[in-house]
Amino acid sequence: DVQNYLRLWINFLQDWLSRLKDTNLDLKILLMRYEDLRDDPTEYFSKVLDFYEIDKSLLKLTDDQLTVQKGQLHYRVGSVDEWRQVYTSDQKELAAQMIPEEFYSIFRWAR
């Protein structure tokens with residue numbers, strides 16, 4: 001059921017975002033987006049290594065490893081906003097109502 005599944009993901013993201021904002025926690029959390037991985041995998045992993053102060057020479061990825069063909073690993077196509085193509089009109093409306101407003105700005109999602 002879309003409502004239950006979406007609620008789980010919203011709760012998951014809200015939980016991480018609350019930890020990201022909590023200045024009392026001694027956690028080093030880097031917020032990354034799928035869109036960034038898709039657009040420039042090399043830069044994506046470079047940011048992760050820089051953030052966690054990991055020597056880049058420890059990770060050697062080839063272009064083949066950074067490129068995954070659509071649908072190769074999962075049944076989904078993996079496109080951004082894929083839910084907008086696969087959800088019914090009712091499901092899209094429900095999702096739009098359930099997704100917190102702050103998610104659109106934090107993750108730079110289109111409405």
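What you are looking at is a predicted structure, and each value in this text was computed from that prediction instead of being measured.
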Approximate separation, where rounding is to 0.5 Å, of [X] [atom1] and [Y] [atom2]:
| X | Y | atom1 | atom2 | result |
| --- | --- | --- | --- | --- |
| L37 | T42 | CG | OG1 | 10.0 Å |
| F103 | Q14 | CZ | CD | 4.5 Å |
| R19 | N24 | CZ | CG | 12.5 Å |
| L17 | I10 | CG | CD1 | 11.5 Å |
| Y34 | F107 | OH | CZ | 15.5 Å |
| W109 | D81 | CH2 | CG | 8.5 Å |

Can you establish whether the number of heavy atoms outside Q85 located under 6.0 Å from its atom CD is more than 12?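 Atom CD in Q85 is crowded, with more than 12 foreign heavy atoms closer than 6.0 Å.
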Within 6.0 angstrom of Y52 OH, more than 12 heavy atoms from elsewhere: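 Atom OH in Y52 is packed in, count exceeds 12.
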Determine the minimum heavy-atom distance between K56 and S46, stating which atoms define it.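 Shortest heavy-atom separation between K56 and S46 comes out as NZ-OG, 2.8 Å.
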List the atom of Y87, the atom of A95, and the distance in Å for their closest heavy-atom pair.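 Smallest heavy-atom distance, with atoms named: CE2-CB, 4.1 Å.
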Using a distance-only test with no angle check, is there a side-chain donor-acceptor pair under 3.5 angstrom linking S57 and D55?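 A pair is found: one side chain offers a donor N or O, the other an acceptor, under 3.5 Å apart.
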Using 30° and 60° as the class boundaries, would you call the ring planes of F12 and W9 parallel, tilted or perpendicular?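 It falls in the perpendicular class, over 60°.
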Could you walk me through whether E102 and K21 satisfy the salt bridge (charged side-chain N to carboxylate O under 4.0 Å, His left out) test, starting with their C-alpha distance in whole Å, then the side-chain angles of each, then the deciding distance to 0.1 Å, before giving a yes or no? CA-CA 13 Å; E102 73 173 329; K21 295 173 188 174; 2.9 Å; yes
Would a 4.5 Å heavy-atom cut-off, applied to side chains only, mark [X] and [Y] as touching?
| X | Y | result |
| --- | --- | --- |
| I29 | L31 | no |
| Q3 | L94 | yes |
| W83 | L6 | no |
| R108 | D36 | yes |

Grouping I, L, V, M, F, W and Y whenever their side-chain heavy atoms are under 4.5 Å apart, do Y44 and L30 come out in a common cluster?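 Yes, one cluster joins them.
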